[in-house]
Q: 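Let me begin by handing over the structure; questions about it come next.
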Amino acid sequence: MYLYRRGHFITHTFVPANRYDSVIAPSLLRPLKEWEESISFVLGDAAYDTKDTREVAEDIEAMMITPINPRNGQRKDSYGRVMPALLETSFGAWLFGLRNEIERVFHLLKDQGLENPRIFGYNRYHFHVQILLLMHNIEFLL
């Protein structure tokens, strides 16, 4: 799981395939409260539509923008009523469309060997991912 801002990654963590990203998201968002710059929006897909993630985003004074996850059942809270309407507006569609930029970067990193690197072992793969992210951030800064 990654936190991405204006072209570069600000943090990442490894999540085993048998754990949901939404479980890890709050622990990545909490340190952003200490940032000098404020974060206005947190964008995610429907998998991040969890109460814990929304509460942490609210704690850092950011608005969580996710589609409503239908697996969570019928939503009767204000988020469940407002978010679908927001995403249908032109502003909501534009804002959520910013996720496409993130997805393009992930696709680029995958083309550069992020996945299936032909190396085995957690530590080797973790090192491989760190090097790729470092190269991406350096390229972004140049």
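We number each residue from 1, following the sequence as shown.
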Q: Please determine whether the number of non-hydrogen atoms from other residues, nucleotides or ligands lying under 6.0 Å from atom CD of Glu55 exceeds 12.
A: yes
Q: What is the minimum heavy-atom distance between Pro67 and Asp45, and which atoms define it?
A: CD-C, 3.9 Å
Q: Measure the spacing between OG1 of Thr53 and OH of Tyr48 and express it to the nearest 0.5 Å.
A: 8.5 Å
Q: Using atom types as modelled and distance alone, determine if a side-chain donor or acceptor of Asn69 lies under 3.5 Å from a backbone N or O of Asp49.
A: no
Q: Using the rule that two of Ile, Leu, Val, Met, Phe, Trp, Tyr join whenever any of their side-chain heavy atoms come within less than 4.5 Å, decide whether Trp94 and Val42 are in one cluster.
A: yes
Q: Please examine the side chains of Leu95 and Met63, heavy atoms only from C-beta on, and report whether any two atoms are closer than 4.5 Å.
A: no
Q: Between Ser22 and Pro26, which heavy-atom pair has the shortest distance, and what is it?
A: O-CD, 3.3 Å
Q: Would you say Phe41 has more than 12 foreign heavy atoms packed within less than 6.0 Å of its CZ?
A: yes
Q: When rounded to the nearest 0.5 angstrom, what is the spacing between CZ in Phe91 and CG in Leu86?
A: 7.0 Å
Q: Compare all side-chain heavy atoms of Ile65 with those of Met83 and state whether any distance is below 4.5 angstrom.
A: yes
Q: How long is the straight-line distance from CD of Glu58 back to CG of Leu29, given to the nearest 0.5 Å?
A: 13.0 Å
